[in-house]
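Bear in mind that the values here come from a model prediction, so they are computed numbers and not experimental data. In the text below, chain A, chain B and the rest are named by the order of the sequence lines, each starting its count at 1.
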There are 2 protein chains.
Amino acid sequence: MAKAQFQPVQPVRAYERIVEQIEEALARGELSPGQRLPSERELVAQFAVSRSTVREALRVLASNGVVRSRPGDPNGPEILPYSLGALRKQMTRLARVDELSLGELIGFRMIMDGAAIQLASRLRTDEQLAEMEETLVAMRAAIDVDFEAFSEADVAFHEAVARVSRNSLIQMCNEVVRGVVLGLIADKIAHAANSRALMLESLQHHTEVVEAIRAGDGHAAARIARQNLYDYYATYVPTPERPHLRALIDDA
Amino acid sequence: MAKAQFQPVQPVRAYERIVEQIEEALARGELSPGQRLPSERELVAQFAVSRSTVREALRVLASNGVVRSRPGDPNGPEILPYSLGALRKQMTRLARVDELSLGELIGFRMIMDGAAIQLASRLRTDEQLAEMEETLVAMRAAIDVDFEAFSEADVAFHEAVARVSRNSLIQMCNEVVRGVVLGLIADKIAHAANSRALMLESLQHHTEVVEAIRAGDGHAAARIARQNLYDYYATYVPTPERPHLRALIDDA
DNA sequence: TACGCCGTACTGGTCGGACCAGTGGACCAG
DNA sequence: CTGGTCCACTGGTCCGACCAGTACGGCGTA
C-alpha cells in the first residue's frame, strides 16, 4: 500500500506562537491558576511583537477560559482555574448543529439521564437521597409559580442526581442537551393548555425515580427515568424516530 | 425566603457583541458553512468599529473553529463546517490537568458505546451486519501491521455501529472521548510488552459484540461492550473509581 | 484560438502610536 | 479607622501604515 501523504500547510501566525508558549508554560506548571500574567505592554516587550498581536493571543486565551483581563487592573490578566465552562460552550455548539434531530437529542438525554440515575442508585448515601427528596418538594412548590420556576427546580433535581453519580461529563452533557431541547420546544410546552398537568405528571415521574434509587435498583431506576423522558417529549418527536427511542427502553 | 442576590457585573466588550452577532446569524441559518464573511475592512464599516476590534472578534471565532481567515483571499473569511476539533481540544485540556478523570471519560465511553450498540442491535439490517463483520476482518489484518493501524480499524468499527444506531450525537461524543482517552494512554498501550495480545483480545471482544448484535439481544450486546471497554481500560483507571465503572455493568 | 505569464487590486497579518475609562494603591484630611 | 483625592498604570478601542500573499483579468506569445 503506497504511502506518500502530504498535509496541507498553513502559515503559523505570531499570535498563535504566543498562545502556545503561554499554554505550554501552564501545562508545565510554571504558570498556575490565580497567578497573573504581565501587563500587555510588558508582554509586548517579552515576546517582541506589537500590542495588537499580544492582544489577539490574549483574546484567544480568554475565549478558551484560560485567562481573564480586566481593564485598569494593575496586576495584569488573571490565570483562571480550570473549568468545564469552555467545554460546555463547545458541547452546546455541538448540540445545536442543524443536522441533529429532536429525536437524537432526546435519545441522547434518555441515555445520559438513565446512566446518571443508574450510577446514583449504586453510589448514593442516605444524606444524598434526602437532598434529592428536598428538590422534589421544591419542584412541587414551583408548579404553583410558573413553568420557568418549575424548569429551574427540575435542573436542581438533575444536578443533585449528577452530583451523586460522580461523573461531571455526564452531568454536563445532560445539562447542555436538556437546555438545547428546552430551547427548541419551550414555547410549545409553556403554551400548552395542559401545561400544569404536564408539570404534575413530571413531578410524579421524578418521585418514582427517587423511590427506585432508594430501593437501590439501578436497572429499574434507569428504565423509569428513560420512560419518563420518553413520555414527556414523545409528542414533539417525529413518528419515524420514536421506535429508536423505544428501543432504548425496551431493550435495556 | 429573602432574595436580594446581586450578580457581579462586567463590561461587555465591543468585540464580544460582534462575536455574538455572527454566531447568532449562524444559529439562525443566515450564515452557513462554506459561505464567506465580508472582508475585515468591510466588517469595519458594517459594525462601525475599528479593524482591531473586528480582528479580535474574528480571532475568537477562528479559535473556536467557526471561521478561517487566509491572507490574501479576496473572498473573505470562510465559515467552516462544524468540527469536533474544538470540543476535543477543550476536553483534552481538562483531562490533562485531571479536571476530568480517566474514570469519568471511560465511564462516559462505556455508556455511549453501550447505548450505540444497544440501538444497533435493534435497528440493524443484514447488510449493515455484514459491514460490521467486514470491519472485523480489517481489524484482524491491522493487528499484523501496528497499533496505529489497529486503532484506525477500531474507529471504522465504531463508526459502522454508530451509523446503524442512527444517532450522530452519540457517535460524535463517543469519537471525541475515544480520541481523548487514546491520547492520554496511547504511549502506555503501544509500548506495553503485551500490545499484540491486547489487540487480539480486543478483536475477540468486538467479535462477541457483533454476535450479540446478530442475535438481536440489545441488552446482552451492550453489556458485553461495556465489559470489554472496562477490561481494556481498567488497568489505567485509579482504583477508587473502578467500582463506579463496574456499577455500569452490574446494574444494567 | 489557446495557453501561460504578469500586473493589479485587493486580502489578512503585523506594527506603532494615540486616547479614554476604569482600577488599585498611596496619600491625606477628617 | 474612615472617606476622599490623586496618580500611575491598566486594558479597550481607534487610526494609519506597511508587508506578503492571493485571485483574477488582461496581456503577449505560440
**Prompt:** Starting at CG of L58(A) and ending at P of dT13(D), how long is that distance when rounded to a whole Å?
**Reply:** 13 Å
**Request:** For R59(B), answer base if it contacts any base atom (sugar-phosphate contacts may also be present), sugar-phosphate if it contacts only those atoms, and nothing otherwise; contact means non-hydrogen atoms under 4.0 Å.
**Result:** sugar-phosphate
**Length of the line joining F47(B):CZ and dC14(D):P, which is rounded to integer Å** = 12 Å
**Euclidean distance, atom CZ of residue R55(A) to atom C1' of dT10(D) [Å, nearest integer]** = 11 Å
**Message:** Applying a 4.0 Å non-hydrogen cut-off, can you work out what P77(A) is touching in the nucleic acid: base, sugar-phosphate, or nothing?
**Reply:** sugar-phosphate
**Request:** Would you mind classifying the nucleic acid contact of S39(B) as base, sugar-phosphate or nothing, using non-hydrogen atoms under 4.0 angstrom?
**Result:** sugar-phosphate
**Asked** Under a 4.5 Å cut-off applied to non-hydrogen side-chain atoms, are E78(A) and Q35(A) in contact?
**Response** no
**Earlier contact from the 5' end, DNA chain D, for R51(B) and E56(B)** = E56(B)
**Asked** dG21(D) P sits how many Å from E40(B) CD, rounded?
**Response** 17 Å
**Asked** Taking atom CD of E30(A) as the centre, does the number of heavy atoms from other residues, nucleotides or ligands within less than 6.0 Å exceed 12?
**Response** yes
**Item:** Counterpart base for dG30(C), defined by Watson-Crick or G-U wobble contacts under 3.5 Å
**Value:** dC1(D)
**Message:** Using the side-chain heavy atoms of P74(B), tell me which of these nucleotides is nearest: dC14(D), dG12(D), dA23(D).
**Reply:** dA23(D)
**Item:** Reference residue V19(B); test side chain to side chain contact (heavy atoms under 4.5 Å, CB included); the match among V60(B), L58(B), V66(B), N64(B)
**Value:** V60(B)
**Asked** Where each residue is assigned the nucleotide of DNA chain D containing its nearest heavy atom, which of R70(B) and T53(B) is assigned the position nearer the 5′ end?
**Response** T53(B)
**Prompt:** Between I170(B) and M112(B), what is the shortest heavy-atom contact and its length?
**Reply:** CG2-O, 3.7 Å
**R17(B) CZ - dT13(D) C1' separation (whole Å)** = 14 Å
**Prompt:** Earliest and latest nucleotide of DNA chain C, 5' to 3', sitting under 4.0 Å from a non-hydrogen atom of chain B?
**Reply:** dT11(C) to dT14(C)
**A95(B) to L184(B) - nearest heavy-atom pair and separation** = CB-CD1, 3.7 Å
**Request:** Would you indicate whether the side-chain heavy atoms of S101(B) and E104(B) approach each other to under 4.5 Å?
**Result:** yes
**Prompt:** Taking the nucleotide of DNA chain C with the closest heavy atom to each, which residue, G72(A) or V49(A), is nearer the 5' end?
**Reply:** V49(A)
**Prompt:** Within a strict 4.5 Å, meaning less than it, do heavy atoms of the R166(A) and L119(A) side chains meet?
**Reply:** no
**Item:** Distance in angstrom units between L43(B) CG and dC14(D) P, rounded
**Value:** 13 Å
